[in-house]
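Both backbone and side-chain heavy atoms feed into the values below; hydrogens, waters and symmetry mates do not. Chain letters run A, B, ... following the sequence lines, proteins first and then strands; every chain starts at 1.
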There are 4 protein chains.
Amino acid sequence: MVDSNVSSVVGNPDLIEKRRKQIVDAATKLFSDQGFYRTTIKDVAQLAGVSAGTVYLYVREKEDVLLLVLLQVLEDYATEIPKSIESLTDPLQRLMTIVDAYCRVVDRHRAATVLAYRSTKSLSPERRLLIQQHETETNQIISRAIIACQEVGVVRPLNVDVLTYQLMLVAHSWALKSWYFKSRLTLDEYIAASLDTLFAGALTDTGKTQFDTLRLAGDRPEQGVQS
Amino acid sequence: MVDSNVSSVVGNPDLIEKRRKQIVDAATKLFSDQGFYRTTIKDVAQLAGVSAGTVYLYVREKEDVLLLVLLQVLEDYATEIPKSIESLTDPLQRLMTIVDAYCRVVDRHRAATVLAYRSTKSLSPERRLLIQQHETETNQIISRAIIACQEVGVVRPLNVDVLTYQLMLVAHSWALKSWYFKSRLTLDEYIAASLDTLFAGALTDTGKTQFDTLRLAGDRPEQGVQS
Amino acid sequence: MVDSNVSSVVGNPDLIEKRRKQIVDAATKLFSDQGFYRTTIKDVAQLAGVSAGTVYLYVREKEDVLLLVLLQVLEDYATEIPKSIESLTDPLQRLMTIVDAYCRVVDRHRAATVLAYRSTKSLSPERRLLIQQHETETNQIISRAIIACQEVGVVRPLNVDVLTYQLMLVAHSWALKSWYFKSRLTLDEYIAASLDTLFAGALTDTGKTQFDTLRLAGDRPEQGVQS
Amino acid sequence: MVDSNVSSVVGNPDLIEKRRKQIVDAATKLFSDQGFYRTTIKDVAQLAGVSAGTVYLYVREKEDVLLLVLLQVLEDYATEIPKSIESLTDPLQRLMTIVDAYCRVVDRHRAATVLAYRSTKSLSPERRLLIQQHETETNQIISRAIIACQEVGVVRPLNVDVLTYQLMLVAHSWALKSWYFKSRLTLDEYIAASLDTLFAGALTDTGKTQFDTLRLAGDRPEQGVQS
DNA sequence: AATGAATGAGAATTCATTCAT
DNA sequence: GATGAATGAATTCTCATTCAT
């Protein structure tokens with residue numbers, strides 16, 4: 001699946017898979033540590049235990065290596081998140097578990113997640129599009145879970161896209177701002193606190209009343225969008 | 001203020017300011033469009049209307065240009081956001097306005113905000129630290145506003161750091177995922193929808209009850225952080 | 001031996017030797033003709049028949065090329081001079097032959113010898129030290145030969161260091177001032193004349209008597225050192 | 001005198017002299033310390049207390065600065081050495097004093113003397129020729145003194161050019177090899193030891209007899225030139 | 001298939017020199 | 001006369017990519 005987007009001069013598919021794994025693993029580490037441009041193909045080859053020339057048997061250009069790395073992460077998301085809710089049926093529990101699982105996958109792939117944020121622009125437009133499509137797929141898992149919750153009436157009728165992104169961002173920002181959170185919260189605390197805000201809202205009942213008033217009074221009447 | 005972090009061989013401060021503006025403006029555009037590494041100093045110089053050599057009269061190395069660009073954005077945040085709430089006294093209104101203002105500054109500097117996410121790793125450690133410090137400052141504006149709301153009882157006693165980051169992410173993700181949102185929402189709609197979720201919560205009353213139950217039933221008892 | 005002081009990314013030692021020879025030969029010619037700074041790596045590469053990039057496979061920086069060139073000359077000295085006296089046993093004859101051989105090696109490497117005088121300052125301190133050590137080694141060959149002559153009583157008890165340097169300078173100055181000597185003397189004549197002065201002294205018997213008197217009468221009594 | 005070889009756009013001769021002195025003094029120090037190519041015109045200007053542009057009012061190109069520096073040294077030689085023997089009449093004493101004086105001027109201008117050795121090649125051919133002519137002039141002082149000694153019979157009939165150079169080298173090598181001599185000899189000791197060798201010869205009487213035999217027996221009959 | 005030496009285009013940076021003020 | 005900002009040619013060095021073995 002991953003392979004099909006990147007061409008190789010080598011025939012044997014097993015070998016391709018094996019070598020690509022070596023290369024992607026090495027590249028993920030190096031790109032994460034030093035960034036895409038600071039990492040040379042020689043670096044990658046060396047860490048992968050092959051020669052520089054060999055890398056080019058499995059990849060047409062350096063950017064392909066980045067693409068493979070990013071696709072790898074997204075594929076892990078797409079595999080692991082659905083697996084986490086396989087056995088669950090309650091819509092709200094499924095939604096909560098998705099977020100929980102998402103955060104945990106991100107935690108495991110922290111470096112690569114950050115890499116995805118940093119490096120997408122390093123890709124050519126077609127490759128970037130490919131990545132965005134994969135990302136959208138992952139988000140659809142969330143969106144569908146939200147809609148399911150709305151259907152059973154546990155989630156309000158609000159903008160699904162926005163909430164989807166907010167939930168995704170909960171996961172991603174654990175990686176993006178880990179330098180900030182790490183010293184203050186455990187992952188579990190972080191997940192709980194994030195869900196608490198997003199699900200129950202930050203305001204007290206008094207606050208919510210006031211919030212509604214302020215919104216109505218807003219000189220930007222077109223703001224009211226939820227539904 | 002920005003200048004003091006980067007050395008220049010030119011003496012005249014007015015000239016420094018003028019030229020640096022030319023350079024930073026050009027660099028912001030190019031770095032945003034093509035990324036830091038794909039942009040050459042010659043590109044920047046040309047767009048800035050000076051020679052390549054001249055750039056080096058105002059900057060010691062290429063990385064300094066990136067630093068100046070990033071500092072510029074952060075400084076705009078630090079200036080414009082406080083200005084937006086100058087005349088307001090109501091804590092909740094201040095908090096809402098901060099988020100609103102933050103989103104609008106980000107919208108204006110969309111490219112540079114994305115750049116900041118992508119390029120911080122391209123900086124040397126000292127320069128990266130400098131950026132993080134500036135970022136933290138902006139966040140303190142939000143944190144203080146949240147605390148003020150808590151003091152008057154309109155915001156629940158929840159983890160301030162997490163909510164701070166969530167609000168910041170509302171603003172940042174408008175830039176980060178603009179390719180996705182742009183076609184679906186206006187900025188105003190986006191702000192309203194985001195605040196609605198974060199302030200009022202995504203769940204219905206039924207949902208909240210269920211949410212509390214699920215949390216209590218969770219096999220990760222340590223998850224429950226302050227309600 | 002030469003190689004061990006300069007790093008190379010190429011593994012094959014035979015290839016290293018071969019390519020380094022190409023590079024050093026080309027560089028010796030160009031550095032001698034135009035000087036170190038006026039010669040570009042591209043010039044060297046071209047004359048060596050390789051690409052500029054290839055030079056950097058065998059050398060880490062331009063200065064390394066200079067180092068290799070200088071070490072080459074000194075190594076030739078260290079090889080050829082001892083060889084010339086291998087079969088000789090008479091101390092005075094050995095000393096004379098050393099000077100003769102030294103002059104002839106210098107003559108063959110005239111350009112590089114001058115280069116050594118001119119370019120040592122272009123080296124980094126560590127590399128400069130390395131060169132000076134090699135130079136000192138060559139001089140020890142002379143010093144030992146002088147001492148051997150003193151032991152059998154054919155050389156007076158005088159300052160060995162000074163005489164060593166004077167003999168070395170006989171050789172070096174053939175290269176340094178070749179523009180002056182070339183039109184007046186052959187190498188053989190130059191060697192004979194130089195040895196004649198240094199060994200037999202410039203003065204007549206009358207002169208020597210007078211020299212002793214003048215020295216004694218000198219108002220710088222601390223001058224008299226020989227012995 | 002010095003000035004006439006280098007053009008200036010400034011009219012006032014006194015000013016030219018004053019500024020050139022500033023520039024030459026600064027350049028002498030910097031060229032000696034760091035070499036010609038490692039020193040920038042800005043460095044020179046700064047140390048001279050003027051602006052970079054000003055240097056170019058008194059000099060057409062960077063090489064001119066080097067020329068002025070070298071001419072300065074040679075001129076000092078040409079002034080100070082003759083002055084030292086003004087009052088002396090005895091030929092041998094004059095010769096000895098010339099060498100003594102030469103060594104002392106060199107000692108005072110050690111850095112610049114080394115510079116002259118290192119940097120002549122950095123000059124254009126015409127400028128190099130100019131330097132060589134000046135050098136020849138200084139040597140003629142020595143040559144004339146040697147011939148005077150030969151005329152009164154205190155110096156043997158030997159090759160005057162060679163002895164001239166040997167005496168000059170006594171002085172120069174004090175500068176060239178100061179890193180070696182400094183720790184072993186004082187200047188006075190060095191002068192005395194050098195003159196002792198060159199004037200009285202390195203060999204004992206036994207040595208000289210043997211030397212003559214070896215020379216006659218030499219398989220290079222064309223060697224015998226002196227006398 | 002694998003290697004790793006070779007290539008050469010390309011980029012950052014420096015600095016002699018000029019010139020408007 | 002003096003200044004110092006501006007220029008841009010030139011140079012070192014890197015590295016993705018190729019290709020003979």
Student: Examine distances only and state if a side-chain atom of C/Arg19 and a backbone atom of C/Val55 form a donor-acceptor pair shorter than 3.5 Å.
Tutor: no

Student: CG of A/Asp14 versus C1' of E/dA1: gap in Å, rounded?
Tutor: 15 Å

Student: Of the candidate nucleotides F/dT3, E/dA1, F/dT7, which contains the atom at the shortest distance from the side chain of B/Ser51?
Tutor: F/dT7

Student: Can any side-chain N or O of B/Ser8 pair as donor or acceptor with the backbone N or O of B/Leu57 at less than 3.5 Å?
Tutor: yes

Student: Please determine if C/Asp14 and C/Lys18 form a salt bridge, counting it only when a charged side-chain N lies under 4.0 Å from a carboxylate O.
Tutor: no

Student: Return the value, rounded to whole Å, for the distance between atom CG of C/Leu15 and atom P of F/dA20.
Tutor: 17 Å

Student: Can you list every stem that DNA chain F is part of, counting only runs of 3 or more consecutive Watson-Crick or G-U wobble pairs with both distances under 3.5 Å?
Tutor: E:2-21 with F:2-21

Student: Within 45 degrees of the ring normal and closer than 6.0 Å to the centroid, is that where the cationic atom of B/Lys62 sits relative to B/Tyr56?
Tutor: no

Student: Reading nucleotides 10-17 of chain E 5' to 3', which nucleotides get B (base under 4.0 Å from a protein heavy atom), which S (sugar-phosphate only), which -?
Tutor: -SSBBSSB

Student: Take atom CZ of D/Arg20 and atom C1' of F/dG1, then tell me their distance rounded to the nearest Å.
Tutor: 15 Å

Student: Rounded off to whole Å, could you give me the CD-to-C1' distance for the C/Gln46 and E/dA6 pair?
Tutor: 16 Å

Student: For the pair made of CZ in D/Arg19 and C1' in F/dT3, what is the distance, rounded to whole Å?
Tutor: 12 Å

Student: Which whole-number value in Å describes the distance from A/Ile23 CD1 to E/dA2 C1'?
Tutor: 12 Å

Student: Given side chains that start at C-beta, do those of C/Ile131 and C/Leu67 come closer than 4.5 Å, heavy atoms only?
Tutor: yes

Student: With sugar-phosphate meaning primed atoms plus P, OP1 and OP2, does A/Gly11 contact a base, only sugar-phosphate, or nothing at under 4.0 Å between heavy atoms?
Tutor: sugar-phosphate

Student: What class does the angle between the rings of D/Tyr117 and C/Tyr117 fall in, given that below 30° is parallel, 30 to 60° is tilted and above 60° is perpendicular?
Tutor: tilted

Student: With the threshold set at 4.0 Å, does a side-chain nitrogen-carboxylate oxygen contact exist between B/Lys29 and B/Asp25?
Tutor: no

Student: Tell me whether B/Arg127 is salt-bridged to B/Glu61, with the criterion being a basic N under 4.0 Å from an acidic carboxylate O.
Tutor: yes

Student: A/Tyr58 side chain: which of F/dT7, E/dA1, F/dA5 is closest?
Tutor: E/dA1

Student: Check for a donor-acceptor pair, side chain of D/Asp33 on one end and backbone N or O of D/Leu30 on the other, with a separation under 3.5 Å.
Tutor: no

